[in-house]
Amino acid sequence: MTEIPSKYEPLKAESKWYSYWMEKGFFHSVPDEREPYTIVIPPPNVTGVLHMGHMLNNTTQDVLIRRARMQGYNTCWVPGTDHASIATEAKVVAKLRSEGIEKRDLSREAFLDHAWEWTHKHGGIILEQLKRLGASCDWERTLFTMDDKRYSSVIKVFIDLYNKGMIYRGVRMVNWDPQARTAVSDEEVVYTEEKSKLYYVRYKIVGEEGYVMVATTRPETILGDTAVCANPSDERYAAMKGKHVIVPMTDREVPFIFDEYVDPAFGTGCLKITPAHDINDYEIGLRHNLATIDVFNDDGTMSERAGLFIGIDRFRAKELAEEELRRLGALVKVEDYINKIGRSERTHSVIEPKLSLQWFLSMKEMAKPALDAILNDTITIVPAKYKNVYRHWMENVRDWCISRQLWWGHRIPAYYYGNGEFVVAASAEEALEKARLAGGNKNLSLDDLKQDEDVLDTWFSSWLWPIAAFDGINKPDNPDINYYYPTRVLVTAPEILFFWVARMIMAGYEYRGKEPFSDVYLHGIVRDRQRRKMSKSLGNSPEPISLIEKYGADGVRVGMLLCAPAGNDLLFEETLPEQGRNFANKIWNAFRLIITFKTDDNIKQPAASEAAVRWMDGAINKTLADIDDSFARYRISDALMQAYKLFWDDFSGTYLEIIKPEFGKALDGRTHSETLRILEMLMRILHPFMPFITEEIWQRMGERTDGSSIMNEMMPEAGPYDPAMLNRFETCREIISAVRTIRKEKNLPLREKLVLCAAAGSTGNEFDSVIIRMCNLSEIRTVEGKIAGAASFRIHTSEFFVPIDEGIDHEEEIKKLNEELAYTEGFLASVMAKLDNEKFVSNAPEKVIALERKKEADTRARIATLKESLSHLQK
RNA sequence: GGGCGAUUAGCUCAGUUGGUUCAGAGCACCUGCCUUACAAGCAGGGGGUCGUAGGUUCGAUCCCUACAUCGCCCA
């Protein structure tokens, strides 16, 4: 006993058992005859560090994987990292800048060398951190989205889709990030409401004295105006038909046009049209055949074509434009205005809608099977509310801009020769052959080819993840892909439902003809107490590794899961891992108690212990059924809470208290072995949630052979149980609780033995011995009628008495009984209101009426008992 | 602006195909205990007219309508 500390110390056990599991290769999977259970990790950014979102995400996956492993599945959890094109490139650019090196001064090759160096230096840290959490990933299968197999998979898919005519190149309005100097997808733009100004500017009408007034938030783009527009139904502007106006600051004449798009109620009802810099204007421009004038450079400065403020940054240009308009007398007024500003998710720079030549993947056709899979439940989304959200997105899906003006990523395999003509091929050599054929120029050499400078969107590699993880693109018929695909469940955050989940489903159908996973489990976002998203800049995110060091990995896992109902955000605070740690400590001390029992095989098993074992087995079976149900619905926090209560309340709080021998005495052998059996079973139930402490205890519980581990034991299966028996025990618990209350109220010390009196039939089952044991009774006496000078309580329809030496306070007892009587009579009145209602009696189902009649009878009996007791006391 | 969802105890959430003694849990809170596994503990306790107003029904926290508030997604 002295060598086992009273507080569980997690750190030592954690490193010990994790190394043991690794050394024995328990996480590794190879195809065999068992049913597979596969999960591919949502790959974290290769140079990222673990944050609370990863903790939640990976704890969840580990719980599912460990449970499945214990259920006999061949489990395979594939880890890996994502090259995170924009994020990583931005970090490398910043790092180089801090060393005085600008990206534009480097060649592509030199820059990529730096990027790889950075990746090798910082890459994989996050995976090491996951090991601290206990993640049972198959580390022998660790992947990277830019490793050779994944790289070639991406290129192969690009070529294939291009050949199928689904990838095309075109000029489109894209979201331009002037800081990263790249296009970003619609999904990477975050809109927030920001304060801005609305400028009222007048445009002179050509050939007349008058003006039209336009309201705009962007005076600097006036330089790119190619029309002014009003709604055709707006009579205020009917006279403008066929006229032209002069754009201020330039002397350009542009037409006044009419389009339904314009909202007459907004501003002056008159809109300036800048097709190069607004998506709606662009579409109006297409309808009316307007010219486009791009007034910005790629870095957000004003371009030559602006004609004014050339080379000046767009924000400064806005100020200058305001001044200039004022000077020209064209600025009529300026109002404060709140509008939605789109910013780049990565750089937070204000997105500029910009026309540019990009690569696109057409989505319509791919979206169809992906939508059907969700609608017909081939793939189940949990929580189901996202089904609608998904459908809405898929029905309105737009083509995916897949090119990025970056270097870090999969370079687009298009090779240009001559005048903008190009071929798409896996290598330069192959491209040369194709180009010679296509161009009819046999003398073309490698030097004449120029590969596209752009790389592909990061998601263009991660959408292949469940297939590429098993090399199913390069070798579509290899044993791994055939065995592990489709995977079982994808665990991720709802914010990447479209970015990633939807596209994986599309790729799954396109390249395997099958869904990539059967379930999608979307967990919440980790926030702080004030519901703010956890972020580095806010400094409100705890450091996961220090949390593990403080509370233990098991404690942190429990803390994460406890507050994580599916689909709801979790409000994290440190009391949660603290609760987890406390639970681990509780388990530890229960174990400590059990192994320090002295046992004596000659002692006969007490009746209370025998009853306790029977009840505990029933309680376990019931809880196992509940846990199964919770897991089936991905109610993981519920499953954990069920196991938590089973261990803490039922096993520690109740069972152990019943079987615990009196001080100094030994435990009978039978109860001892039953208790060990039960503890072992509980460890297996808890193992998926708390892998370390359960392994530590399991290993200490008996002789274990080298190579044995609780993680490879079978999860107990829910067996039959007798609900009536469990109910009898609940009554027994209520009686115990009531007697304890009397002890407390009457100040009766625990050591003093009491007598419990009850009418025949009120007790007398297998749990009497438990009541005697837990209440420290000398006996349960069967009596008839009332007992004078006794404290009383009522459970269901039975009345119980505890005689007290010095008698009881009559007045107080009368008061209590009167309160109880008033409440009970009130209840009877509500029952009678129903039963006296003819319509209720004639309409309600028989079952319900029978129940109400039983309520009535029981309540009347109880009232009679209370009244009798009162008259007894008042004598 | 369009769509989706939510509103139940101080906090975070369960719940009911509308009827089991008039709503449960965890945490927090209050009271009493250093009782020989555990004070990271034990025993006991308080706390909700289920967002508001109508409607359907014998009966509504649950179904319908409107309103209010909040959140998410899309434009």
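Here the structure is a predicted model, which is why all the values come from computation and not from measurement. Chain A is the first sequence line, chain B the second, and so forth, proteins listed ahead of strands; every chain is numbered from 1.
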Checklist line | Whole-angstrom distance between B:A14 and B:C62, as gauged at atom C1' | finding: 14 Å
Check: Starting at the 5' end of RNA chain B and moving along, which residue's nearest nucleotide shows up first, A:Leu593 or A:Ser737?
Finding: A:Leu593
Checklist line | Atom C1', compared across B:A60 and B:U49: separation rounded to whole Å | finding: 14 Å
Notebook entry, point to check: Hey, does A:Arg751 reach any base, or is it just sugar-phosphate, or nothing, if we go heavy atoms under 4.0 Å?
Noted result: base
Notebook entry, point to check: Rounding to a whole Å, what distance do you find between A:Asn175:CG and B:C74:P?
Noted result: 12 Å
Note to self: Rounded at 0.5 Å granularity, tell me how far CZ in A:Phe583 sits from CD1 in A:Ile693.
What the structure shows: 8.5 Å
Notebook entry, point to check: Among B:G26, B:A40, B:C74, which nucleotide sits nearest the side chain of A:Lys645?
Noted result: B:G26
Check: Could you state the interatomic distance from CD1 (A:Ile863) to NZ (A:Lys867), rounded to the nearest 0.5 Å?
Finding: 6.5 Å
Note to self: Nearest whole Å is fine: how far is B:G41 C1' from A:Tyr8 OH?
What the structure shows: 19 Å
Notebook entry, point to check: Which is true for A:Arg740 with a 4.0 Å heavy-atom rule: it touches a base, it touches only sugar-phosphate, or it touches nothing?
Noted result: sugar-phosphate
Notebook entry, point to check: B:C33 and B:A23: how far apart are their P atoms, nearest whole angstrom?
Noted result: 33 Å
Checklist line | Interatomic distance at C1', B:G10 relative to B:C30, whole Å | finding: 13 Å
Next item on the list: State the dot-bracket string of RNA chain B. Criteria: Watson-Crick or G-U wobble, both atom distances under 3.5 angstrom; notation: ( ) intrastrand, [ ] crossing earlier pairs, | interstrand, . unpaired.
Entry: (((((((..((((.....[....)))).(((((.......))))).....(((((..]....)))))))))))).
Margin query: Quick check on RNA chain B: between A:Trp648 and A:Thr824, whose nearest nucleotide comes earlier from the 5' end?
Written below: A:Thr824
Check: Under a 4.0 Å N-O cut-off, is there an ion pair linking A:Glu819 with A:Lys816?
Finding: no
Notebook entry, point to check: Parallel, tilted or perpendicular for A:His523 and A:Tyr521, by the 30°/60° rule?
Noted result: perpendicular
Item checked: Carboxylate-amine/guanidinium contact A:Arg635 A:Asp626, below 4.0 Å -> no
Checklist line | Length of the line joining A:Leu562:CG and B:A40:C1', which is rounded to integer Å | finding: 15 Å
Next item on the list: Please check the phosphate of B:C27 (OP1 and OP2 only) for any side-chain N or O of A:Tyr644 closer than 4.0 Å.
Entry: yes
Check: Does A:Arg635 make a side-chain N or O approach to OP1 or OP2 of B:G15 shorter than 4.0 Å?
Finding: yes
Margin query: Just to be sure I understand the rule, does A:Leu851 reach a base, reach only the sugar-phosphate, or reach nothing, if contact means heavy atoms closer than 4.0 Å?
Written below: sugar-phosphate
Next item on the list: Take the protein atom NZ of A:Lys586 and the nucleotide atom P of B:C27, then report the distance between them rounded to whole Å.
Entry: 12 Å
Next item on the list: Output yes when at least one side-chain N/O atom of A:Asn589 is less than 4.0 Å from OP1 or OP2 of B:A40, else no.
Entry: no
Next item on the list: Could you tell me the separation between the CG atom of A:Leu375 and the NZ atom of A:Lys387, rounded to the nearest 0.5 Å?
Entry: 6.5 Å
Margin query: Taking the P atom in each of B:U8 and B:G55, what is the distance between them to the nearest angstrom?
Written below: 24 Å
Notebook entry, point to check: When the ring centroid of A:Tyr390 is compared with that of A:Trp393, is the distance short of 6.0 Å?
Noted result: no
Check: With a 4.5 Å limit on heavy-atom distance, are the side chains of A:Arg862 and A:Leu821 in contact?
Finding: no
Check: Rounding to the closest angstrom, what is the interatomic distance between B:G47 and B:C73 at atom C1'?
Finding: 37 Å
Margin query: To the nearest 0.5 Å, what is the distance between CG on A:Leu640 and OG on A:Ser630?
Written below: 10.0 Å
Next item on the list: Ignoring the backbone of A:Arg398, work out which of B:A40, B:A75, B:G45 is nearest its side chain.
Entry: B:A75
Check: Is any side-chain N of the basic residue among A:Glu846 and A:Arg853 closer than 4.0 Å to the acidic one's carboxylate O?
Finding: no
Next item on the list: Considering only atom P, compute the distance from B:U56 to B:U65 and round it to an integer number of Å.
Entry: 15 Å
Short N/O separations, protein against nucleotides 5-8 of chain B, under 3.5 angstrom:
none

Notebook entry, point to check: Between A:Arg287 and A:Glu283, does at least one N-O distance fall below 4.0 Å, as a salt bridge requires?
Noted result: no
Margin query: So, does A:Arg391 get its side chain near the phosphate of B:C4, meaning an N or O under 4.0 Å from OP1 or OP2?
Written below: no
Margin query: Looking at A:Lys744 and B:U31, is any side-chain donor or acceptor paired with a base atom of the opposite kind under 3.5 Å?
Written below: yes
Check: Between B:U36 and A:Lys665, is there an OP1 or OP2 to side-chain N/O distance shorter than 4.0 Å?
Finding: no
Notebook entry, point to check: Is the shortest side-chain N to carboxylate O distance from A:Glu696 to A:Lys12 below 4.0 Å?
Noted result: no
Check: Expressed as a whole number of Å, how far does the C1' atom of B:C34 sit from that of B:G48?
Finding: 36 Å
Next item on the list: Return the value, rounded to whole Å, for the distance between atom CG of A:Asp649 and atom C1' of B:C42.
Entry: 12 Å
Notebook entry, point to check: Taking atom CE of A:Met641 and atom CZ of A:Phe689, what is their separation to the nearest 0.5 Å?
Noted result: 10.5 Å
Note to self: Once you apply a heavy-atom cut-off of 4.0 Å, does A:Lys660 come out as touching a base, just sugar-phosphate, or nothing?
What the structure shows: base
Notebook entry, point to check: A:Asp629 CG to B:G15 C1': how many Å, rounded?
Noted result: 13 Å
Margin query: Among B:C22, B:A37, B:G44, which nucleotide has an atom closest to any side-chain atom of A:Phe827?
Written below: B:C22
Contact list (N/O, under 3.5 angstrom) for nucleotides 54-59 of chain B vs protein:
unit_1	atom_1	unit_2	atom_2	d
B:C58	O2'	A:Asn837	ND2	2.8

Notebook entry, point to check: Could you state the CG-P distance from A:Asp858 to B:U20, rounded to the nearest angstrom?
Noted result: 15 Å
Note to self: Under 4.0 Å, counting only non-hydrogen atoms across every strand here, what does A:Thr575 touch: a base, just sugar-phosphate, or nothing?
What the structure shows: nothing
Notebook entry, point to check: Say you draw a straight line from CE of A:Met394 to CE of A:Met363; how long is it, rounded to the nearest 0.5 Å?
Noted result: 8.0 Å
Notebook entry, point to check: Distance only, no hydrogens: is a donor on one side chain within 3.5 Å (strictly under) of an acceptor on the other, for A:Thr865 and A:Arg794?
Noted result: no
Check: Going by modelled atom types, is there a donor-acceptor pair between the base of B:A37 and the side chain of A:Glu657 at under 3.5 Å?
Finding: yes
Item checked: Protein-nucleotide distance (A:Met641, atom CE; B:C27, atom P), rounded to Å -> 7 Å
